[in-house]
Amino acid sequence: MSSTRQILVLVAASLLVLLLGLLGLELVFGGWLRGGSWSEVDRLNVVRERSVVYDVRRIYGPDAAPVRYTRDRYGLRGSCVDPAQVRLVTLGGSTTDQVYVSDGQTWQDRLQAHMTQAHGGGPWCIANAGVDGHSSFGHIAALERWLPLVPGLRPEYVLLYIGVNDAALRTERAPSDLRADEPAGWLARLKRAVNDNSALLRLARRALAARADAPLFAAHKLIFPTDSDYTSTAPAADIAPLVAASSEAFRERLRRLLQLIEARGAKPVCVSQPSLIYRRHGDAWRGIPDVFTYQGRKFNGLDYRLAILSLNEVMAQECPAAGGHYIDLEGAGFEPSHFYDCVHMNASGATRVGDLLAEAFRLQGIGGLRPVATGSRP
């Protein structure tokens, strides 16, 4: 056999091994064999049946220990084994998901420990249904398409830790919420099958998304602002009508969320979120520049502040009106040491969130606790 033919045979054999390996990866990690209603859930970017150990040294520093992140077969995170035992489900985006906070250290774990203790040691189960990148569009889809598929899941409460992604003047569904429906036709169906089921394509999308012009607060990088970073001293001149329109659209989506929660026999608990995107300097507020992009324009931290405060006010109005509760953590006085970037918290921040939520539950009588008479509620 000539040397040229030997090389061709070697190349062909290597390609065959590579193709078989890629096929194996697709069958194991893709959605080709799942089918049914759960294939719809994959379009929501829900991670299921995964236990991953992350190297988080690029986030927490060179001495950081690895973080374990686990999702069960239904896509839920937490220590609850039986969905029928879940008393509270949390919905939100990456600040609810907490992909870089280890199992057992999330704010849901901390709140669950408080509630279990308050109930005399009996289990008070909390399931984390946060999905990285979800806005209120994704939360609606989760309540419509995902959570009804979980057998026995009938929580008493649904906690909405939301607003961070919507505050970027979100007016339409994004691929991080739910991929758009494809047109009819065999080619479109083939494209949709690949989009919905290919593990390699999903990995490529995530790699490209990390390089895209995403909001500053969606980066999951060690972006720790110092005083010198807060250079924005005024919001955009035309931000008010944009915020007003965005808030009213959010109000309609929130009402839909509240309707879906009520339909499941649960009560809503709406919670505002803190961040480092803006800070008070003396008597004035200052923000980080270039926080998010909307219609091709850059907006700063003070624009974001007006937007998130407006969304929080919507929640403060709508959630109690629907028979639920509102808890304000935006103004709860978190320290920079609680964050690893502008919005995402480390384990110490998650502990503080869990502690504050437990206190608010006690004051407002949430979860079967006796309400405490007080002039001010968290």
Mind checking whether His344 and Tyr340 have parallel, tilted or perpendicular rings, split at 30° and 60°? parallel
With a 4.5 Å cut-off on side-chain heavy atoms, are His114 and Phe361 touching? no
Are side-chain heavy atoms of Ile126 and Thr90 found at a separation under 4.5 Å? yes
Would you call Arg87 and Glu156 a salt bridge, taking side-chain N to carboxylate O under 4.0 Å as the test? yes
Does a side chain donor of either Arg286 or Thr233 reach within less than 3.5 Å of an acceptor in the other side chain? no
Do you see a donor-acceptor pair shorter than 3.5 Å between the side chains of His338 and Asn346? no
May I ask you to decide if the ring planes of His325 and Tyr157 are parallel, tilted or perpendicular, using 30° and 60° as cut-offs? tilted
Is the ring pair Tyr100/Tyr54 parallel, tilted or perpendicular, if the boundaries are 30 and 60 degrees? perpendicular
Whether Arg305 engages the ring of Trp285 as a cation-pi pair (distance to the six-membered ring centre under 6.0 angstrom, angle to the ring normal within 45°) should be assessed. yes
When rounded to the nearest 0.5 angstrom, what distance separates CG in Asp132 from CG in Asn45? 9.0 Å
Can you name the closest pair of heavy atoms from Gly75 and Trp146 and give their distance? O-CZ2, 3.4 Å
As an exercise, state the distance from CD1 of Ile162 to CD of Gln273, rounded to the nearest 0.5 Å. 8.5 Å
Under-4.0 Å salt bridge between Arg48 and Asp72: no
Output the distance between atom CG (Leu311) and atom OG (Ser136), rounded to the nearest 0.5 Å. 8.5 Å
Nearest heavy-atom pair of Pro151 and Pro83: which atoms, and what distance? O-CB, 3.4 Å
